[in-house]
Peer 1: 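Take a look at this one; I'll ask things after.
From a predicted model like this one, the values you see are computed outputs, not experimental measurements. Note on naming: letters A, B, ... go to the chains in the order of the sequence lines (proteins, then strands), and numbering restarts at 1 for each one.
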Amino acid sequence: MHDIRSIRDNPQAFDAALARRGLDGMSAQILDLDKQKRELQTEAESLRAERKRLSACFGQLAGQGQGHTEEALSFKTASVDVAQKLSDVESRLEAHQDLEDLLAAIPNLPAADVPEGADEHANVEVSRWGTPRNFDFAPQDHADFGPALGLDFESAAAMSGARFAALRGGMARLHRALAQFMLDTQTGQNGYEEVNPPLLVRDATLYGTGQLPKFEDDLFWTTKRFSKSELADKFYSDFVRKVGEGWDMEKMRNFFKDQAEETFKEIPDPIDRLWLIPTAEVSLTNLVREQIVADATLPLRFTALTPCFRSEAGSAGRDTRGFIRQHQFEKVELVSICRPEDSAAEHEHMLTSAEGILQALGLPYRKMLLCTGDMGFSAAKTYDLEVWLPSQNCYREISSVSNCGEFQARRMNARYRPEGEKGTRFLHTLNGSGLAVGRTLVAVLENYQQADGSVIVPEILAPYMGGIKQLTPR
RNA sequence: GGAGAGGUGGCAGAGUGGUCGAAUGCGCCGCACUCGAAAUGCGGUUUACGGGCAACCGUAACGUGGGUUCGAAUCCCACCCUCUCCGCCA
């Protein structure tokens, strides 16, 4: 969410920043709506003040038993008159909810040092770590040799469809070992507090981190308590109430037309539906929503191992084979809530925390600074970590680490009270993967594969593997 | 899921239609008293938005959203949340 006052103060800067994201300037439209809204607000407030005054005058007389005198009634009549004008202004003011909606749909402004570009081709490589291994055989795709090691796509597809997998035996163990190792490292070495958060969340929660209102197509939702019989009851009672007992076909047709619209508006009822989190960033960041956090406790560093659910509506056809892009996957997420002046340093710390995992596993990777066109909605600055995948002969995203500035904090109303200052300020929020467990599994499989189709388990995972040193084809 | 109780300022807790943004107590801040501290006394102590150079003024907020009314913390409806008991369940 953007601060309307900063747009008022410097509309050119706002438009210039949007332009870097490849968006048209919007300040003129915003300021116009803002001006209209404020005028109406001032008008409504003075009408309310007037009504309050008249009503108090009447009340005073009525309290003295003079409620029926001519004087009293004149106050009453005048008050009704003002109330009428007020409701008029209020309904016009309501139409200016548009301004909120408009602002809520505008992405965060890129930080000054973010390179400009339209898509991932303009991302800038910052550094590389490790050297891709030299294979004395042609490295295989994990989707090809994985099934013999317990990566079961077929059974999963039979019960859940495409983009699901079941991990079995040593494969499941390796996946769990990776997750435990990551979590232990983030809590034990990097100062993150382990959290086991809700996986189902409300609309407002997703609005807070920026997934709503714009990206609901990427999400799964479920209902908390909605049944077909409830819907049927509602249909029937509405039918009788609106149409009556007769059989007027014209009325019936109109009824069903209206009713269909009304019903579909109500099924995804914001009160009754819950969304499956697409990332634990949502749950962890919202831990401070609507709070004033004590200055002394900052920064708050959270980590969680959770399943993530994504419908990937916009990416049909991409990575359809293999374990790279699933509707359900696990991820160890990192979130930091901090003071504005600390967020750049927290960003670095978070990167170090994520990179440490790749280094410990001996997986070659590179660090990319995303350009303006490739960043997510809420981010002001993002680094991606890309891991080497021998079968694809390229680096693929395995972690994304973003500084969101105060963008999410505004949407969540998350603040802190700086030591020695009177008021409150918005916090800064950061999030990053540390790491995506599924993709790390893929990277381990491919980078540690042997000519005979087996995979050697990285040394660092030994404490988690119960003696298994190698996955062998069955 | 059933029955009941309840949601008021940092906390506790009054307030059932008319200067109630809200008594009182605790906490917190300042001042006085004191060699110092405690105790005591006095004063202050919410947030958001709008207007104004400013002092300041106005409006809104008593879980949330509607409604009734000239006027709602107070009455009505729906929802959310908390607590107690019962049932069910990993």
Peer 1: Is the A/Tyr192 to A/Phe302 ring centre distance short of 6.0 Å?
Peer 2: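 No.
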Peer 1: B/rG10 P sits how many Å from A/Gln291 CD, rounded?
Peer 2: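 Rounded to whole Å, this separation is 14 Å.
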Peer 1: With rounding to the closest Å, how many angstrom separate the P atoms on B/rC57 and B/rG21?
Peer 2: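 Their P atoms lie roughly 15 Å apart.
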Peer 1: Would you say A/Asn431 and A/Cys404 make side-chain contact, with heavy atoms under 4.5 Å?
Peer 2: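 In contact.
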Peer 1: Taking atom P in both B/rU34 and B/rC29, what distance in whole Å separates the two?
Peer 2: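 Between the two P atoms, the distance is 22 Å.
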Peer 1: Under a plain distance cut-off of 3.5 Å, with no hydrogens placed, do A/Asp152 and A/Ser155 share a side-chain donor-acceptor pair?
Peer 2: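 A donor-acceptor contact under 3.5 Å links the two side chains.
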Peer 1: Starting at the 5' end of RNA chain B, write a dot or bracket for each base, bracketing those in Watson-Crick or G-U wobble pairs whose two distances are under 3.5 Å and using | for partners on another strand.
Peer 2: ((((((((.[[[..)..(.....]]]((((((.......))))))((((((....)))))).[[[[[..)....]]]]])))))))....
Peer 1: Measuring only the C1' atom in each nucleotide, how far is B/rG1 from B/rG87? A whole number of Å is fine.
Peer 2: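 Here B/rG1 and B/rG87 have their C1' atoms 7 Å from each other.
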Peer 1: Considering only heavy atoms from C-beta outward, does the side chain of A/Asp24 approach that of A/Leu18 to under 4.5 Å?
Peer 2: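 Not touching, per the 4.5 Å side-chain cut-off.
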Peer 1: Going by salt bridge (Lys or Arg N to Asp or Glu O under 4.0 Å), A/Arg8 matches just one of A/Asp3, A/Asp34, A/Asp32. Which one?
Peer 2: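 Passing option: A/Asp34.
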Peer 1: Using atom C1' of each nucleotide, how far apart are B/rA73 and B/rG18 to the nearest Å?
Peer 2: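 13 Å, rounded to whole Å.
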Peer 1: Side chains of A/Leu441 and A/Leu167: does their closest heavy-atom pair fall under 4.5 Å?
Peer 2: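 Result yes, sub-4.5 Å side-chain heavy-atom pair found.
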Peer 1: For B/rG27 versus B/rC33, give the span between their P atoms, rounded off to a whole number of Å.
Peer 2: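 Their P atoms lie roughly 22 Å apart.
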Peer 1: Between B/rA12 and B/rG65, how far is it from one P atom to the other, in whole Å?
Peer 2: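 Approximately 22 Å lies between the P atom of B/rA12 and that of B/rG65.
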Peer 1: Please tell me if the side chains of A/Asn413 and A/Phe426 come closer than 4.5 Å, counting only heavy atoms from C-beta onward.
Peer 2: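 Yes, at least one pair of side-chain atoms sits under 4.5 Å.
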Peer 1: Nearest nucleotide by nearest heavy atom, which residue falls closer to the 5' end of RNA chain B, A/Gln60 or A/Arg415?
Peer 2: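 Whichever sits nearer the 5' end wins; that is A/Gln60.
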Peer 1: What distance, rounded to whole Å, do you find between the two P atoms, one in B/rG25 and one in B/rU19?
Peer 2: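 Here B/rG25 and B/rU19 have their P atoms 22 Å from each other.
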Peer 1: Using a 6.0 Å distance limit plus a 45 degree cone around the ring axis, check whether A/Arg439 lies over the aromatic ring of A/Phe323.
Peer 2: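 A/Arg439 over A/Phe323 ring: no.
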Peer 1: What string of B, S and - do you get for nucleotides 49-73 of chain B, 5' to 3', when a contact is any protein heavy atom under 4.0 Å?
Peer 2: SSS------BSS---------BS--
Peer 1: Suppose you measure atom P in B/rA22 against the same atom in B/rU47; what distance do you get, rounded to whole Å?
Peer 2: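 Nearest-Å result for B/rA22 against B/rU47 at atom P: 15 Å.
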Peer 1: Find out whether A/Thr205 and A/Val282 are in side-chain contact, i.e. whether some heavy atom of one side chain is under 4.5 Å from a heavy atom of the other.
Peer 2: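 A/Thr205 vs A/Val282: side chains touch.
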